[in-house]
Protein chains: 2
Amino acid sequence: MKNILIVDDDAELRANLSEILTGKGYRTEEASSGKEAVERAAAQEFDIVLLDLMMPKMSGMDVLSELRKIKPKTKIIMITAFATVDNAVEAIKKGASDYISKPFKIDELLITIRRALEESRFEEGIKRLDMDYTLSSLSNSIRRKIIKLLSMKDGMHLMEIVRELAIDDHTKVVFHLKILKESGIIEQDKEKSYFLTKEGKKTLDCLNILESYLSK
Amino acid sequence: MKNILIVDDDAELRANLSEILTGKGYRTEEASSGKEAVERAAAQEFDIVLLDLMMPKMSGMDVLSELRKIKPKTKIIMITAFATVDNAVEAIKKGASDYISKPFKIDELLITIRRALEESRFEEGIKRLDMDYTLSSLSNSIRRKIIKLLSMKDGMHLMEIVRELAIDDHTKVVFHLKILKESGIIEQDKEKSYFLTKEGKKTLDCLNILESYLSK
DNA sequence: TCTTTCTGTGAAATTTTCTTCACAAGGAAT
DNA sequence: ATTCCTTGTGAAGAAAATTTCACAGAAAGA
């Protein structure tokens, strides 16, 4: 049973949505203001928050920021009567999962909700293990350099990498390549050249995210 | 001197933009198709790519994905004649820096470009050092747990943390707290309670990003 | 063929990280 | 005052990560 918080100042719309979603097997709660939404979300776990952008006092955008801060795992779907590209852009940048505009077909909303839940299902479960592998690979700067190198030039040979890194002892590089291979970040083909696996590319993305994020 | 790649199938628009931007002190290049854009971007570093969404053959959205993959640092501004919220949402989700719609005022574009450059200036320079600290802090799972704990409950005392983590030797926790303190992720107030610094909150965000990212 | 380069292994040495333990000052509670 | 809990410090040891070195087979070039 998934918990959905409906945030809108229009009581009728809340009631409608609530009824429909309850009928579809979701558990719903309502909040009529941004402040109330934040309080409820802080007190209780929601899987999804349906958030109206236009509300008196605390704007939906502020609520979005606040919710993201206190509950980063909760998926937020922005809803608005006056959809503008700018608002949509801002909302997604701030971490909303999706953005739909009134009037919406109920099917459209249901699909959007399912999609968001799918996302969180993934994020939730499966692999907390990967985390350890990935982070311990990333914790070494030589390995980070190797990943970057391979992202720029797929299929490098050992000595190419060694020279590029300007490390004199090639076995040192072999050591790190082995670790990267064991964590599934890189692979080798028959010609012995190294390249990033799918996992490796994800890892690279992570690195980039981290870098850009840390310097903001 | 900043390099801008203008990607649009409309030659006249390209020429116009190019002239204006050159006049403003940017160096520009043009590409008339998605394919050409990707090739050029692969061959040369651009700071900004102005990318038309609607193009024959390879759609702007595909080009966006491709560019993000090969040049994650390049900022991409999507431009489109038929702005829709959906497109904007998709573009930003896929990593575009911004999204503007034709017809746009040239000032608007210039501001958008400056904003994007500002972003990359930040991401570029400043701190590659933080990276090492942060990643080595994150590489240990006890420390990750501490960060998560503190994110849920600011201002915990030593023994609170110790009990929450179910670790019997408190000095072990002290050890990790010290490391976190030294890397500037946490601090203590006069009452000895620990809390996340601003840096620490960023680090937490990183962790969340990584987690959600790794399980996709 | 002979030499050189590339790709690696395995063991030992070193460094770094983490854990454990002995101890102690300060405050609160009895 | 005595006892208990909290918050540490510092040294020592254990474990893990990294580096260095000696060596070797396979492939490539001369």
Side-chain angles (χ1 to χ4, degrees), chain A residues 129-150 153-197 200 203 207, chain B residues 129-150 153-197 200 203 207:
Chain A
L129 292 178
D130 276 8
M131 197 74 177
D132 288 5
Y133 269 116
T134 306
L135 283 172
S136 73
S137 300
L138 293 180
S139 74
N140 181 288
S141 81
I142 293 181
R143 292 197 287 268
R144 289 203 295 275
K145 280 178 198 152
I146 293 176
I147 293 174
K148 292 224 168 168
L149 264 185
L150 289 179
K153 186 164 179 316
D154 233 23
M156 291 177 85
H157 279 228
L158 172 61
M159 291 313 286
E160 257 184 292
I161 298 174
V162 169
R163 278 188 280 266
E164 195 70 42
L165 294 177
I167 288 173
D168 38 354
D169 184 349
H170 71 282
T171 65
K172 184 165 164 181
V173 177
V174 171
F175 167 79
H176 291 289
L177 285 170
K178 205 186 223 165
I179 289 182
L180 288 172
K181 232 187 324 184
E182 282 165 6
S183 12
I185 289 177
I186 64 174
E187 275 179 349
Q188 258 181 313
D189 56 18
K190 325 86 219 161
E191 281 84 32
K192 299 283 182 185
S193 54
Y194 292 93
F195 54 91
L196 293 177
T197 61
T203 308
L207 255 185
Chain B
L129 291 178
D130 276 11
M131 197 74 178
D132 288 4
Y133 270 115
T134 307
L135 283 171
S136 75
S137 301
L138 293 181
S139 73
N140 180 289
S141 82
I142 293 181
R143 291 198 287 268
R144 288 204 296 274
K145 281 180 197 152
I146 292 176
I147 293 174
K148 292 226 166 167
L149 263 185
L150 289 179
K153 185 163 180 313
D154 233 21
M156 291 177 85
H157 280 228
L158 171 61
M159 290 313 286
E160 256 184 292
I161 298 175
V162 170
R163 278 188 281 268
E164 194 70 43
L165 294 177
I167 287 175
D168 37 356
D169 184 349
H170 72 282
T171 67
K172 185 166 164 180
V173 177
V174 171
F175 168 78
H176 291 289
L177 285 169
K178 207 186 224 166
I179 289 183
L180 288 171
K181 234 190 317 188
E182 281 165 7
S183 13
I185 290 178
I186 64 173
E187 275 179 348
Q188 259 181 312
D189 57 17
K190 326 85 217 161
E191 282 83 31
K192 300 283 180 183
S193 53
Y194 292 93
F195 56 90
L196 293 177
T197 61
T203 308
L207 256 185

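All values below were derived from every heavy atom in this structure, side-chain atoms included, with hydrogens, water molecules and symmetry-related copies excluded. Chain letters run A, B, ... following the sequence lines, proteins first and then strands; every chain starts at 1.
Partners of B/Ser183 by side-chain hydrogen bond (donor to acceptor under 3.5 Å, both in side chains), not counting sequence neighbours, listed by chain and number: B/Ser137. Applying the salt bridge (charged side-chain N to carboxylate O under 4.0 Å, His left out) rule to A/Lys178 yields no partners; only residues at least two apart in sequence or on another chain are considered. Every side-chain hydrogen bond (donor to acceptor under 3.5 Å, both in side chains) that A/Asp189 has, sequence neighbours left out, goes to A/Ser193. Under the rule for a salt bridge (charged side-chain N to carboxylate O under 4.0 Å, His left out), A/Glu164 has no partner lying at least two apart in sequence or in another chain. Residues satisfying the salt bridge (charged side-chain N to carboxylate O under 4.0 Å, His left out) criterion with B/Lys145, sequence neighbours excluded, are absent altogether. The salt bridge (charged side-chain N to carboxylate O under 4.0 Å, His left out) search around A/Glu160 returns A/Lys153, not counting sequence neighbours. Contacts of B/Asp154 classified as side-chain hydrogen bond (donor to acceptor under 3.5 Å, both in side chains), with partners at least two apart in sequence or in another chain: none.
B/Asp189 has its CG atom 12 Å from the P atom of D/dT7, to the nearest Å.
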Extract from the structure each pairing of a protein N or O with an N or O of nucleotides 28-30 of chain C at less than 3.5 Å, listing the distance.
none

All N/O contacts under 3.5 Å from nucleotides 26-30 of chain D to the protein, with atom names and distances to one decimal?
none

Quick one: which protein N/O atoms are closer than 3.5 Å to N/O atoms of nucleotides 14-23 of chain C? Pair and distance per line, please.
| residue | atom | partner | partner atom | Å |
| --- | --- | --- | --- | --- |
| C/dC18 | OP1 | B/Asn140 | ND2 | 3.0 |
| C/dC18 | OP2 | B/Arg143 | NH1 | 3.0 |
| C/dC18 | OP2 | B/Arg143 | NH2 | 3.4 |
| C/dT19 | OP1 | B/Lys172 | NZ | 3.4 |
| C/dT19 | OP2 | B/His176 | NE2 | 2.9 |
| C/dC21 | N4 | B/Thr171 | OG1 | 2.9 |

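The C1' atoms of five pairs define one axis at each end of the helix from C/dT1-D/dA30 to C/dT30-D/dA1, and these two axes lie 10° apart (to 10°).
For the segment residues 157-165 of chain B, no residue has any heavy atom less than 4.0 angstrom from an atom of DNA chain C.
Nucleic acid contact for B/Gln188: sugar-phosphate only, since backbone atoms but no base atoms lie under 4.0 Å from a heavy atom of the residue.
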